Amino acid sequence: MSRDRWTIGLAVFFAAFAALTLGVWIPNDIETGVIEKFRRQISIGDAMAPTFVAAAMLVVGLIMGVLECVRPGAAEGRPRGLDGSAFKFVLRLGGLLVVSLLLMIYVGPLTVDVINGLGHDIGTYRQLRDTVPYKYLGYVTGGFVLVFGVTSLVENRFSRASGVVALAAVAVLVVLYDVPFDDLLLPPNSDQ
């Protein structure tokens, strides 16, 4: 029975990283728990989102590793190792991630600087980081470029459907993370 060592290696890496995150990183770095109870009032703690993400990563890593081990002939017919095209794909994906994160970090502050430079004294980005539309500028721009770019990279073409999906994905994340919580700032606004 042939097994793909890359798949098993990735599964072990992500499962170990998730277990380390759940067991060491989150308990030592985040002061609140998953659910906080204060004076008979229950609220979501700061550790909820990273705990769910790490738990999901652990489950997916374990499933990926087990499926690769139990499927007969899973790796037959697949290329082994990284060839030139796979390496180029990884480089493009990494570049896309860097560009998306830079957009997420700098679009909001640069927009506020341009508006202030045009003579409209609206304040600093730090003062506006939790006001509409400034709090969404970087997140929406970087998130759209990331989702649209990765989809286009995987499909090896640009399409209108990818753009619609990217906009919808960013909108859903904004609704899930920003709308229900009064004291949660979308990334990277908490660092500005």
Side-chain angles (χ1 to χ4, degrees), residues 3-38 42-72 74-75 78 82 86 89-105 135-136 138-155 161-191:
R3 293 183 183 98
D4 187 9
R5 291 179 294 174
W6 283 95
T7 303
I8 293 172
L10 280 174
V12 168
F13 171 78
F14 282 111
F17 179 74
L20 188 66
T21 300
L22 285 169
V24 178
W25 189 357
I26 292 173
N28 289 323
D29 192 42
I30 301 176
E31 294 177 12
T32 64
V34 174
I35 295 176
E36 287 297 305
K37 194 176 198 179
F38 181 70
I42 297 174
S43 62
I44 295 173
D46 294 339
M48 180 172 274
T51 299
F52 281 157
V53 170
M57 190 185 309
L58 178 64
V59 169
V60 169
L62 291 173
I63 289 172
M64 189 168 83
V66 168
L67 287 178
E68 186 62 36
C69 289
V70 299
R71 265 193 322 205
R78 280 195 262 168
L82 290 176
F89 179 83
V90 169
L91 282 179
R92 281 191 234 148
L93 185 63
L96 186 62
L97 181 64
V98 168
V99 167
S100 301
L101 291 175
L102 288 174
L103 286 171
M104 198 174 279
I105 292 169
K135 68 178 180 176
Y136 297 126
Y139 188 78
V140 170
T141 305
F144 174 80
V145 169
L146 181 63
V147 175
F148 180 72
V150 169
T151 305
S152 300
L153 181 64
V154 169
E155 292 179 346
S162 297
V164 171
V165 167
L167 283 175
V170 172
V172 166
L173 288 174
V174 166
V175 168
L176 287 176
Y177 284 106
D178 188 52
V179 173
F181 305 107
D182 294 332
D183 57 349
L184 184 72
L185 293 175
L186 291 172
N189 293 333
S190 60
D191 296 330

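None of these values were measured; they are calculated from a predicted model.
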Nearest-0.5 Å distance that lies between atom [atom1] in [X] and atom [atom2] in [Y]:
X: Leu67; Y: Ile8; atom1: CG; atom2: CD1; answer: 11.0 Å
X: Leu146; Y: Thr151; atom1: CG; atom2: OG1; answer: 8.5 Å
X: Phe14; Y: Thr21; atom1: CZ; atom2: OG1; answer: 11.0 Å
X: Thr141; Y: Leu103; atom1: OG1; atom2: CG; answer: 6.5 Å
X: Leu10; Y: Phe17; atom1: CG; atom2: CZ; answer: 13.5 Å
X: Leu101; Y: Ile105; atom1: CG; atom2: CD1; answer: 6.0 Å

What is the minimum heavy-atom distance between [X] and [Y], and which atoms define it?
X: Leu62; Y: Ala15; result: CD2-CB, 4.2 Å
X: Glu68; Y: Thr7; result: OE1-CG2, 3.7 Å
X: Phe144; Y: Ala166; result: CD1-CB, 3.5 Å
X: Gly143; Y: Met104; result: N-CE, 3.7 Å
X: Leu93; Y: Val150; result: CD1-CG2, 3.8 Å
X: Leu22; Y: Thr51; result: CD2-O, 3.7 Å

Heavy atoms, side chains only, cut-off 4.5 Å: are [X] and [Y] in contact?
X: Ile30; Y: Pro50; value: yes
X: Met48; Y: Ile35; value: yes
X: Phe89; Y: Val154; value: yes

Exercise. Listed by chain and number, what are the side-chain hydrogen bond (donor to acceptor under 3.5 Å, both in side chains) partners of Ser162, not counting sequence neighbours?
Worked result: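 So Ser162 forms a side-chain hydrogen bond (donor to acceptor under 3.5 Å, both in side chains) with Glu155, Ser159.
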
For this session: Please list all pairs passing the side chain to side chain donor-acceptor pair (under 3.5 Å) test where one or both residues lie in residues 164-174, with sequence neighbours left out.
Result: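 For residues 164-174, and leaving out neighbouring residues, there are no side chain to side chain donor-acceptor pair (under 3.5 Å) pairs at all.
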
Problem set entry | Check: Asp178/Tyr139 side-chain N/O donor and acceptor closer than 3.5 Å |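 No, Tyr139 and Asp178 have no side-chain donor paired with an acceptor closer than 3.5 Å.
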
